[in-house]
Amino acid sequence: MEEIRLRKLEDLKSKGINPYPYKFEITSFIGDVRKKFEKDPPRGVKVVVRGKAKRVSRTEDGYMVRLSEDNVEILVYTKEENLKPGEEYTFEGTLDRVEGKLSVVDAVLSDKTPQSIVQIKAQYDFDPNREKVSLGGRLVALRTMGKAIFGHIQDLTGKIQIYLKKDIVGEEKFSFFNDYIDLGDIIGVKGELFRTNTGELTVEVHDFELLSKCLHPLPEKWHGLKDVEVRYRQRYLDLIANPEARRTFLLRSKLISEIRRFFDERGFVEVETPILQTVASGANAKPFITYHNYLEMNLYLRIAPELYLKRLIVGGFPRVYEIGKNFRNEGVDRTHNPEFTMIEFYAAYWDYNDLIKFTEEFFTHILQRTLGTLKIRYQGTELDFTPPFRKVRYFDLLKEKTGKDKDFFLKDFEGVRNLARELEIAHYEKLTHPKLIDKIFEKVAEEDLVQPTFVIDFPKILSPLAKTHREDPDLVERFELIVATYEVANAYTELNDPADQRERFLEQIKEKEMGDEEAMDMDEDFIRALEYGMPPTAGEGIGIDRLVMLLTDTDTIRDVILFPHLRPG
RNA sequence: GAGCCGGUAGCUCAGUCGGUAGAGCAACGGCCUUUUAAGCCGUGGGUCCCGGGUUCGAUCCCCGGCCGGCUCACCA
């Protein structure tokens with residue numbers, strides 16, 4: 001097949017036609033055109049429609065019916081079985097726009113009095129008045145009908161039907177299309193907008209141009225691209241073939257701009273700190289090591305920006321944030337990619353109580369702006385982000401689950417180890433005391449935390465950069481926000497006493513010597529920075545990838561990272 | 001790192017209790033000027049992931065490898 005397309009390419013060149021021209025003037029993106037003449041129905045509008053089923057197609061979890069009333073069509077998505085093409089049916093369902101087309105979703109058979117499909121459509125799909133447009137896109141569907149050709153071109157913003165009529169484009173152009181344009185090619189079309197008999201917004205093409213040849217066949221139009229390996233390795237194909245992929249990554253982008261807007265509007269300054277670091281500190285994780293030829297030294301890819309951001313607080317930036325990648329040399333699974341995106345932010349004169357309120361505000365803003373709701377479905381469960389979120393203290397939760405109190409966990413090392421053994425925690429005999437507590441908490445507490453929950457007041461020995469709790473020297477002023485059993489945010493009142501910080505680092509070094517590979521490294525310059533005085537400060541990190549997973553109802557981090565790490569194929 | 005599962009046409013999949021394989025879409029040739037998973041008639045297309053073994057014969061059985069998925073371990 002590639003050979004045929006290559007031959008067409010050569011033919012074009014020999015005819016003096018450049019198959020890769022320099023420029024095509026477009027009047028707008030495809031989605032803009034659709035937006036102009038198509039209104040989205042408000043959320044949850046119920047309709048009853050009746051018509052003849054022109055086609056019944058199986059979808060992943062039901063059927064799609066093309067329902068026709070006097071030649072005007074509407075798509076109906078239903079789980080009803082045994083529907084037959086040619087029969088008349090009445091459906092009741094919710095009006096929605098699916099890939100640009102007005103559709104009735106979650107439809108069930110009904111015996112109510114139907115509304116007119118024509119009239120329903122008239123409310124949301126408008127007459128384009130022969131508006132002149134010039135659009136570019138990839139040809140993703142093609143239906144040639146002798147002296148007329150229908151097709152769809154697509155860009156990131158949407159899809160639109162094109163209509164070529166021999167009478168209109170002329171004999172020469174028409175056969176040029178037939179002879180040289182293939183499914184997958186990028187083309188530019190100029191023409192006038194109209195609606196077909198069935199009501200679909202369509203470009204009546206007056207002229208067109210090949211903008212780039214596609215030398216490979218596209219994935220299948222109906223099933224899309226399913227092979228996960230190909231979807232990740234050749235993400236461009238995923239983006240061409242699968243609307244969910246486009247939706248996910250558009251939402252990711254929207255999320256990140258909304259995050260920026262949220263922070264910018266609140267006086268935060270966006271900064272960039274080093275990714276190549278000489279000391280990998282600021283988190284409990286194993287770093288990647290790289291080598292600088294000129295300096296003849298190893299460098300680490302950052303595991304966290306924390307210590308640099310706090311240096312900026314020392315330097316007088318009152319509120320800073322950084323959105324960027326962190327790199328952790330650890331296992332890869334459904335919730336971990338070796339490089340992942342976080343936002344970390346720090347606010348002088350705040351403590352962790354301020355951050356709790358701020359975090360609730362953050363989620364409200366983000367959810368409203370991206371999804372327009374505070375209640376989202378995630379893997380079959382409704383998550384309610386209406387503030388205030390549940391708050392529970394670390395040791396209260398442990399006590400509830402194990403019956404053991406703080407003193408037990410912090411003072412009775414042997415007891416904790418025995419408990420770990422009872423809980424069948426792997427390698428319990430090799431774990432250090434803080435690690436054991438951490439593991440037990442993860443095992444007994446986290447898996448029940450589905451609704452957004454702040455776990456507050458962590459043990460000090462787990463938190464070397466957090467400030468000691470004002471009411472309890474064993475604890476720090478720290479919280480994690482857990483949603484759907486995984487950590488989404490981690491925050492604390494920052495430790496700003498340099499002497500205390502030095503002690504904590506020394507404690508980490510001891511942990512490292514006792515076999516904890518993830519214990520933090522001492523950062524002398526960071527301590528020196530604190531010696532110049534850091535105002536009371538609170539800081540937080542939020543994992544962007546996991547946030548996108550929540551917002552897009554995705555259970556694999558690889559589905560929200562454009563190019564996730566894979567072994568070379 | 002361990003266990004389980006998978007890799008068949010460009011894509012989505014079926015199949016061979018061991019005799020080198022099939023559908024739909026895509027492609028190619030026809031017909032078709034409002035189609036839309038267009039339709040109708042016809043045609044071509046395969047390293048059945050790779051390497052070894054068993055066998056007269058392996059895509060299928062066995063062993064090893066590569067890549068992926070899931071679970072666990074490691075880890076945010």
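Labels below follow one simple rule: chain letters A, B, ... track the order of the sequence lines, proteins then strands, and each chain is numbered from 1.
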For this session: For B:U59, give its Watson-Crick or G-U wobble partner with both distances under 3.5 Å, or none.
Result: none
Seminar exercise, completed: In Watson-Crick or G-U wobble terms, with both distances under 3.5 Å, the base opposite B:C32 is none
Problem set entry | A:R55 side chain, from C-beta outward: closest of B:U34, B:A38, B:C25 | B:A38
Exercise. Hey, does A:T144 reach any base, or is it just sugar-phosphate, or nothing, if we go heavy atoms under 4.0 Å?
Worked result: base
For this session: Could you please name the option among B:U12, B:C70, B:C75 that lies closest to any side-chain atom of A:E518?
Result: B:C75
For this session: Scan A:E480 against the nucleic acid and name what it touches under 4.0 Å (heavy atoms): base, sugar-phosphate only, or nothing.
Result: base
For this session: Answer with base, sugar-phosphate or nothing: what part of the nucleic acid does A:L237 contact at a heavy-atom distance below 4.0 Å?
Result: nothing
Exercise. So, is A:R558 close to the B:C70 phosphate, meaning a side-chain N or O under 4.0 Å from OP1 or OP2?
Worked result: yes
For this session: Give none if B:C70 has no partner; otherwise give the nucleotide forming a Watson-Crick or G-U wobble pair with it, both distances under 3.5 Å.
Result: B:G3
Exercise. Rounded to whole angstroms, how far apart are CG on A:D438 and C1' on B:C74?
Worked result: 13 Å
For this session: Scan A:G224 against the nucleic acid and name what it touches under 4.0 Å (heavy atoms): base, sugar-phosphate only, or nothing.
Result: sugar-phosphate
Exercise. For the residue pair A:I561 and A:R235, what are the closest heavy atoms and their distance?
Worked result: O-NH2, 2.7 Å
For this session: To the nearest Å, give me how far apart CG (A:L142) and C1' (B:A37) are.
Result: 14 Å
Problem set entry | Gap in Å between the two C1' atoms, one belonging to B:U34 and one to B:C28, rounded | 27 Å
Exercise. B:A38 P sits how many Å from A:Q161 CD, rounded?
Worked result: 10 Å
Exercise. Where the side chain of A:E442 is concerned, which of B:C11, B:G68, B:C75 is the nearest nucleotide?
Worked result: B:C75
Exercise. How is A:D227 classified with respect to the nucleic acid when contacts are heavy atoms under 4.0 Å: base, sugar-phosphate, or nothing?
Worked result: sugar-phosphate
Exercise. Think A:K8 has a side-chain N or O under 4.0 angstrom from the OP1 or OP2 of B:C28?
Worked result: yes
Exercise. Taking CD from A:E517 and C1' from B:A73, how many angstroms apart are they, rounded to a whole number?
Worked result: 14 Å
For this session: Return no unless some side-chain N or O of A:K439 is found under 4.0 Å from OP1 or OP2 of B:C75.
Result: yes
For this session: Apply the test salt bridge (Lys or Arg N to Asp or Glu O under 4.0 Å) to residues A:K286 and A:E518: give CA-CA distance (whole Å), side-chain angles for both, the deciding distance (0.1 Å), then the verdict.
Result: CA-CA 6 Å; A:K286 279 178 263 182; A:E518 279 90 39; 3.8 Å; yes
Exercise. In terms of side-chain heavy atoms of A:L566, which of B:G68, B:A27, B:C74 is nearest?
Worked result: B:G68
Problem set entry | Other residues, nucleotides, ligands: >12 heavy atoms within 6.0 Å of A:K132 NZ | no
For this session: Confirm from the modelled atom types if A:H223 and B:C11 form a donor-acceptor pair under 3.5 Å, side chain to base only.
Result: no
Exercise. Quick one: does NZ or CZ of A:R302 land under 6.0 Å from the six-membered ring centre of A:F327, within 45 degrees of the ring axis?
Worked result: no
Seminar exercise, completed: When rounded to whole Å, the NE2 to P distance for the pair A:H216 and B:G10 reads 12 Å
Exercise. Quick one: which of B:C75, B:G39, B:U34 gets closest to the side chain of A:K435?
Worked result: B:C75
Problem set entry | Mutual orientation of the aromatic rings belonging to A:F409 and A:F395 [parallel < 30°, tilted 30-60°, perpendicular > 60°] | tilted
For this session: Determine the contact category for A:H152: base if any of its heavy atoms lies under 4.0 Å from a base atom, sugar-phosphate if only primed atoms, P, OP1 or OP2 are that close, otherwise nothing.
Result: base
Problem set entry | Nearest listed nucleotide, side chain of A:K226, among B:U35, B:U33, B:C13 | B:C13
Exercise. Considering Watson-Crick and G-U wobble pairs with both distances under 3.5 Å, what does B:G45 pair with?
Worked result: none
For this session: Considering only atom P, compute the distance from B:U20 to B:C32 and round it to an integer number of Å.
Result: 42 Å
Exercise. For B:A26, does OP1 or OP2 lie under 4.0 Å from any side-chain N or O of A:K221?
Worked result: yes
Exercise. So, is A:R233 near the phosphate of B:G68, with a side-chain N or O under 4.0 Å from OP1 or OP2?
Worked result: yes
Seminar exercise, completed: Of the candidates B:A26, B:C74, B:U33, the side chain of A:L183 sits closest to B:A26
Exercise. Rounded to the Å, how far apart are A:K101 NZ and B:U35 P?
Worked result: 12 Å
Exercise. Would you say A:R143 reaches B:U35's phosphate, i.e. side-chain N/O to OP1/OP2 under 4.0 Å?
Worked result: no
For this session: With A:F441 as reference, evaluate A:L436, A:V455, A:L462 under the side chain to side chain contact (heavy atoms under 4.5 Å, CB included) test and give the passing residue.
Result: A:V455
Seminar exercise, completed: Atom CZ of A:R567 and atom P of B:G68 are separated, to the nearest Å, by 6 Å
For this session: Compare the minimum distances between each of B:A37, B:U12, B:A73 and the side chain of A:A426, then state the nucleotide with the smallest one.
Result: B:A73
Problem set entry | Opposite nucleotide pairing with B:U12, Watson-Crick or G-U, both atom distances under 3.5 Å | B:A23
For this session: Determine the contact category for A:E446: base if any of its heavy atoms lies under 4.0 Å from a base atom, sugar-phosphate if only primed atoms, P, OP1 or OP2 are that close, otherwise nothing.
Result: base
Problem set entry | A:K512 vs A:E517, salt bridge (Lys or Arg N to Asp or Glu O under 4.0 Å): CA-CA, chis, key distance, verdict | CA-CA 6 Å; A:K512 198 160 212 164; A:E517 285 185 88; over 6 Å; no
Problem set entry | Nearest to side-chain heavy atoms of A:M145, which nucleotide of B:G39, B:C75, B:C32 | B:C32
Exercise. So what does A:E73 touch, heavy atoms closer than 4.0 Å: a base, only the sugar-phosphate, or nothing?
Worked result: nothing
For this session: Could you work out the separation of B:U12 and B:A37 based on their C1' atoms and round it to a whole Å?
Result: 13 Å
Exercise. With distance as the sole criterion, do the side chain of A:E200 and the base of B:U35 form a donor-acceptor contact below 3.5 Å?
Worked result: no
For this session: Kindly indicate whether a cation-pi arrangement holds for A:K325 with A:F340, taking the cut-offs as under 6.0 Å to the six-membered ring centre and within 45° of the axis.
Result: no
Exercise. When the distance from CG of A:D182 to P of B:G29 is rounded to whole Å, what number comes out?
Worked result: 10 Å
Exercise. Just by distance, do the side chain of A:T341 and the backbone of A:I544 share a donor-acceptor pair under 3.5 Å?
Worked result: no
Problem set entry | Separation of the P atoms in B:C61 and B:C17, to the nearest angstrom | 11 Å
Seminar exercise, completed: Mate of B:U54 across any strand shown (Watson-Crick or G-U wobble, both atom pairs under 3.5 Å) is none
Exercise. Checking all strands, does A:A285 fall into the base, sugar-phosphate, or nothing category for heavy-atom contacts under 4.0 angstrom?
Worked result: sugar-phosphate
Exercise. If you check the A:R66 side chain, which of B:C28, B:U12, B:A37 turns out closest?
Worked result: B:A37
